[in-house]
S.K.: 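My questions all concern the structure below.
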Amino acid sequence: MSAIASNLQAVRARISKAAKDAGRSPDSIQLLAVSKTWPLSCILEAVTAGQRAFGENYVQEGTDKAIAAVHQKLDWHFIGPLQSNKTRPIAERFDWVHSIERLKIAERLSAQRPAYLPPLQVCVQVNVSGEASKSGCAPAEALALCQAISRLPGLRLRGLMAIPEPSDDFLAQCAPFRQLREIYKHLRATGLPLDTLSMGMSHDLEAAVAEGATIVRIGTAIFGERNYA
Ligand SMILES: *Cc1c(COP(=O)(O)O)cnc(C)c1O
């Protein structure tokens with residue numbers, strides 16, 4: 001078995017255990033393999049091991065891979081910061097965007113989504129307490145942003161995403177995930193048909209699953225340490 005295949009097996013086992021510990025079905029959590037910086041050959045190894053959904057952070061790199069692997073019919077998720085002058089290749093080549101933080105980007109993606117494709121599935125990134133970066137909308141802005149996005153014809157709003165500051169402490173990891181889930185519950189209570197909480201990475205997926213994650217975004221634990229050089 002390749003290293004990537006055995007890493008995938010180990011990550012799936014972690015998700016299953018975390019789900020059982022939380023009294024949840026493992027099937028309610030989707031594994032997104034974050035393949036940024038890794039060549040297509042690594043993605044294809046993961047595909048051989050049964051992985052279908054891949055996350056990318058950079059427009060050019062992600063688009064190149066999605067085009068190169070087009071016959072594999074994989075699911076491509078854009079999870080990185082998105083500038084408004086770079087939305088078109090994402091609208092044309094990706095299935096999901098997790099990192100929407102302002103309406104202008106959403107409007108461009110909607111307008112640029114080709115009519116022959118289903119609506120682009122999107123999550124709004126929220127800057128919960130202890131956010132690792134400055135990205136994401138403020139929690140108090142999430143409702144208005146989601147309501148506006150839900151009216152865009154080229155998009156299908158699925159849920160919320162967050163990237164909290166790394167912590168080694170389980171309870172400290174849980175707190176921002178719980179905050180995101182509370183916002184999610186509030187938005188659903190207003191009638192928005194959300195079904196996705198995109199949260200949890202290699203070091204904190206157990207805490208994210210405990211707090212209700214439906215998509216975990218895992219890079220290092222599958223592909224190894226990234227080298228940005
Ligand atoms: C890189 C990245 C990940 C994966 O992080 P790992 O720690 O390697 O699992 C997940 N989400 C986002 C938004 C990322 O940029």
Side-chain angles (χ1 to χ4, degrees), residues 3-15 17-18 29-39 42-43 45-46 49 51-63 65-66 74-83 86 90 94-102 105 109 120-128 130-137 158-170 172-174 176-177 179-180 196-229:
I4 289 173
S6 67
N7 289 346
L8 266 171
Q9 207 171 61
V11 168
R12 291 191 193 115
R14 281 176 64 189
I15 294 170
K17 171 153 195 322
I29 300 139
Q30 193 196 347
L31 172 57
L32 179 65
V34 176
S35 44
K36 65 181 177 220
T37 77
W38 295 102
C42 293
I43 292 174
E45 260 185 59
Q51 181 65 28
R52 306 297 304 174
F54 293 89
E56 291 283 337
N57 286 57
Y58 310 105
V59 175
Q60 184 74 51
E61 178 191 345
T63 309
K65 289 176 186 171
L74 305 175
D75 278 336
W76 292 97
H77 295 230
F78 192 79
I79 61 174
L82 195 46
Q83 295 164 8
K86 293 200 179 157
I90 302 303
F94 276 68
D95 303 289
W96 283 72
V97 174
H98 294 223
S99 45
I100 306 270
E101 52 183 8
R102 30 193 192 107
I105 301 278
L109 287 169
L120 183 64
Q121 306 181 77
V122 301
C123 292
V124 165
Q125 184 176 351
V126 182
N127 195 317
V128 289
E131 188 80 0
S133 69
K134 290 283 165 276
S135 38
C137 75
R158 296 294 300 267
L160 304 178
M161 182 271 236
I163 315 173
E165 192 73 47
S167 165
D168 292 332
D169 178 66
F170 182 78
Q173 290 173 356
C174 287
F177 293 144
Q179 192 193 349
L180 192 70
T196 300
L197 268 174
S198 167
M199 57 190 199
M201 301 169 38
S202 293
H203 64 280
D204 58 10
L205 80 84
E206 284 81 4
V209 168
E211 295 298 340
T214 66
I215 299 181
V216 291
R217 310 178 309 268
I218 310 298
T220 308
I222 296 171
F223 296 106
E225 291 291 338
R226 284 179 293 275
N227 179 357
Y228 288 96

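These numbers were taken from a predicted model, which means no experiment stands behind them. Just follow the structure's listing: the first ligand is 1, and inside any ligand the first atom is 1.
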S.K.: Identify which of Gly219, Ser198, Pro166 has a heavy atom lying nearest to atom 4 (C) of ligand 1.
M.R.: Gly219
S.K.: Where does His98 meet ligand 1, judged by heavy-atom distances below 4.0 Å: at the side chain, the backbone, both, or neither?
M.R.: neither
S.K.: Hey, is Lys65 close enough to Glu56 for a salt bridge, meaning N to O under 4.0 Å?
M.R.: yes
S.K.: Which of the atoms in ligand 1, numbered in the order shown and given with their element, are less than 4.0 Å from a heavy-atom of Arg217?
M.R.: 4 (C), 9 (O), 10 (C), 11 (N), 12 (C), 13 (C)
S.K.: Closest approach of Arg217 and Ala162, non-hydrogen atoms and distance?
M.R.: NH2-O, 3.2 Å
S.K.: Of all the non-hydrogen atoms in the protein, which one sits nearest to atom 9 (O) of ligand 1, and at what distance?
M.R.: Ser202 OG, 2.5 Å
S.K.: Could you tell me which atoms of ligand 1, counted from 1 in the order shown, lie closer than 4.0 angstrom to a heavy atom of Asn57?
M.R.: 14 (C), 15 (O)
S.K.: Could you tell me, atom by atom, which parts of ligand 1 come under 4.0 Å of a heavy atom of Lys36?
M.R.: 1 (C), 2 (C), 3 (C), 14 (C), 15 (O)
S.K.: Please could you name the atoms of ligand 1 that Ile218 approaches to less than 4.0 Å, counting only its heavy atoms?
M.R.: 9 (O)
S.K.: If we only count heavy atoms from C-beta on, is the His98 to His77 side-chain gap below 4.5 Å?
M.R.: yes
S.K.: Find the distance between OG1 (Thr196) and CH2 (Trp96) and round it off to the nearest 0.5 Å.
M.R.: 4.0 Å
S.K.: Apply the test side chain to side chain contact (heavy atoms under 4.5 Å, CB included) to residues Leu197 and Ile215: give CA-CA distance (whole Å), side-chain angles for both, the deciding distance (0.1 Å), then the verdict.
M.R.: CA-CA 6 Å; Leu197 268 174; Ile215 299 181; over 6 Å; no
S.K.: Do Val59 and Gln83 touch side chain to side chain, with heavy atoms closer than 4.5 Å?
M.R.: no
S.K.: Out of Met201, Met161, Glu56, who gets a non-hydrogen atom closest to atom 5 (O) of ligand 1?
M.R.: Met201
S.K.: Would you kindly specify which portion of Thr220 sits under 4.0 Å from ligand 1, judged on non-hydrogen atoms: side chain, backbone, both or neither?
M.R.: both
S.K.: Which atoms of ligand 1 sit under 4.0 Å from any heavy atom of Ile163?
M.R.: 13 (C)
S.K.: Indicate yes or no: at least one non-hydrogen side-chain atom of Met161 is less than 4.5 angstrom from one of Met199.
M.R.: no
S.K.: For the residue pair Phe54 and Phe223, does the interplanar ring angle fall in the parallel (under 30°), tilted (30 to 60°) or perpendicular (over 60°) class?
M.R.: tilted
S.K.: Any atom of ligand 1 sitting under 4.0 Å from a heavy atom of Arg226?
M.R.: yes
S.K.: Out of all atoms in ligand 1, which are within 4.0 Å of some heavy atom of Ile79? Include the element for each.
M.R.: 11 (N), 12 (C), 13 (C), 14 (C)
